[in-house]
Trainee: 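Can you read through this structure? Questions will come right after.
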Amino acid sequence: AVFTGPISYENTTTVPVNTVTSVSNDNGKFMFNLFPWNFGSYSQTLTNKETTDFIVMGLGEHNIDNIRMVVGKSASRVGTDSVWVAFSTPFEEGVTPVVIANVVSKVTRYPYMIKILDITNERFAVKLARQEGSYASIASTTQQYVYYIAATPGEAKTGDGKILSVGRN
């Protein structure tokens with residue numbers, strides 16, 4: 001699964017949405033595109049280079065020092081209605097994990113944003129959203145599988161000495 005962070009926003013008149021468009025299990029490559037908002041006075045063209053951070057992890061459970069991570073895929077496709085996604089193994093009682101999610105989508109017009117709601121130690125709710133003005137222009141939202149990474153809050157050192165911080169601000 002591939003998770004991208006926010007972009008650098010070097011194009012101040014464009015509001016690009018970072019979207020993973022393909023992931024290859026054969027060679028470990030992935031592709032992402034920046035699709036701009038379609039409505040409003042935003043430019044549709046990127047004139048400056050953008051950068052983004054990303055993390056790639058296999059589906060399943062991972063431990064880095066004292067941080068437990070669950071990487072998964074929703075059991076069903078998600079649309080504009082909230083769907084519950086359960087963790088394969090719940091986190092400890094009283095632990096609310098940090099959840100990051102995205103879709104792998106080839107939809108280029110009216111890009112998706114992910115909304116994560118009601119996180120507990122056992123599950124979270126998720127739904128897809130688009131720019132407000134786009135709902136009048138499209139008949140329906142193509143439902144997508146959601147990939148997620150859920151991790152216990154904390155700080156750990158990776159095998160190569162880098163610091164991994166998981167938390168909310």
Side-chain angles (χ1 to χ4, degrees), residues 1-59 62 64-65 67-74 78-80 85 96-117 119 124-135 137-138 141-169:
V2 178
F3 304 93
T4 56
I7 62 168
S8 54
Y9 292 105
E10 299 297 328
N11 293 275
T12 58
T13 61
T14 307
V15 181
V17 176
N18 204 348
T19 304
V20 177
T21 55
S22 68
V23 177
S24 171
N25 292 330
D26 298 333
N27 59 16
K29 293 182 180 179
F30 70 92
M31 180 181 290
F32 71 93
N33 288 3
L34 301 176
F35 299 123
W37 279 144
N38 301 90
F39 295 96
S41 58
Y42 307 114
S43 170
Q44 297 294 301
T45 305
L46 299 176
T47 55
N48 299 312
K49 288 183 179 181
E50 297 283 359
T51 59
T52 188
D53 294 321
F54 64 91
I55 185 170
V56 179
M57 296 189 78
L59 299 178
H62 306 272
I64 298 178
D65 200 10
I67 295 178
R68 177 178 169 237
M69 293 178 272
V70 176
V71 180
K73 176 181 172 183
S74 61
V78 176
T80 55
V85 177
T96 303
V98 174
V99 178
I100 299 170
N102 67 260
V103 296
V104 176
S105 176
K106 296 198 183 300
V107 175
T108 60
R109 191 162 164 84
Y110 313 116
Y112 294 107
M113 299 294 288
I114 304 291
K115 288 190 173 191
I116 300 170
L117 313 152
I119 303 169
F124 65 96
V126 63
K127 68 180 183 175
L128 301 182
R130 287 186 160 152
Q131 185 182 11
E132 183 65 31
S134 68
Y135 289 105
S137 301
I138 54 178
T141 298
T142 303
Q143 294 188 333
Q144 305 286 325
Y145 285 106
V146 170
Y147 294 83
Y148 65 88
I149 180 170
T152 54
E155 192 170 282
K157 279 194 176 181
T158 63
D160 60 1
K162 292 184 176 145
I163 295 174
L164 172 65
S165 296
V166 177
R168 296 178 189 78
N169 41 338

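Just so you know, these numbers use all the heavy atoms, side chains as well, and skip hydrogens, waters and symmetry mates.
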Trainee: Measuring from Leu59:CG to Ile149:CD1, what's the distance to the nearest 0.5 Å?
Mentor: 10.5 Å

Trainee: Quick check: do Val85 and Tyr148 have side-chain heavy atoms less than 4.5 Å from each other?
Mentor: yes

Trainee: Between Lys157 and Asp65, which heavy-atom pair has the shortest distance, and what is it?
Mentor: N-OD2, 3.7 Å

Trainee: Going by the side-chain contact (heavy atoms from CB on, under 4.5 Å) test, name the single residue among Ile114, Val103, Asn102, Val78 that passes it with Gln144.
Mentor: Val103

Trainee: Hey, which of Thr52, Ile100, Val56 is the one that makes side-chain contact (heavy atoms from CB on, under 4.5 Å) with Thr4?
Mentor: Thr52

Trainee: If only atom types and distance count, is the side chain of Thr51 paired as donor or acceptor with the main-chain N or O of Ser8 below 3.5 Å?
Mentor: no

Trainee: For Ile67, give me all partners under side chain to side chain contact (heavy atoms under 4.5 Å, CB included), at least two apart in sequence or on another chain.
Mentor: Met69, Ala151, Thr152, Ala156, Leu164, Val166

Trainee: Return the minimal non-hydrogen interatomic distance between Ile119 and Pro97, and the atom names on each side.
Mentor: CG2-O, 3.5 Å

Trainee: Kindly check if the number of other-residue, nucleotide or ligand heavy atoms within 6.0 Å of OH (Tyr145) is above 12?
Mentor: yes

Trainee: Backbone N or O of Asn48 within a donor-acceptor pair of the Asn11 side chain at under 3.5 Å?
Mentor: yes

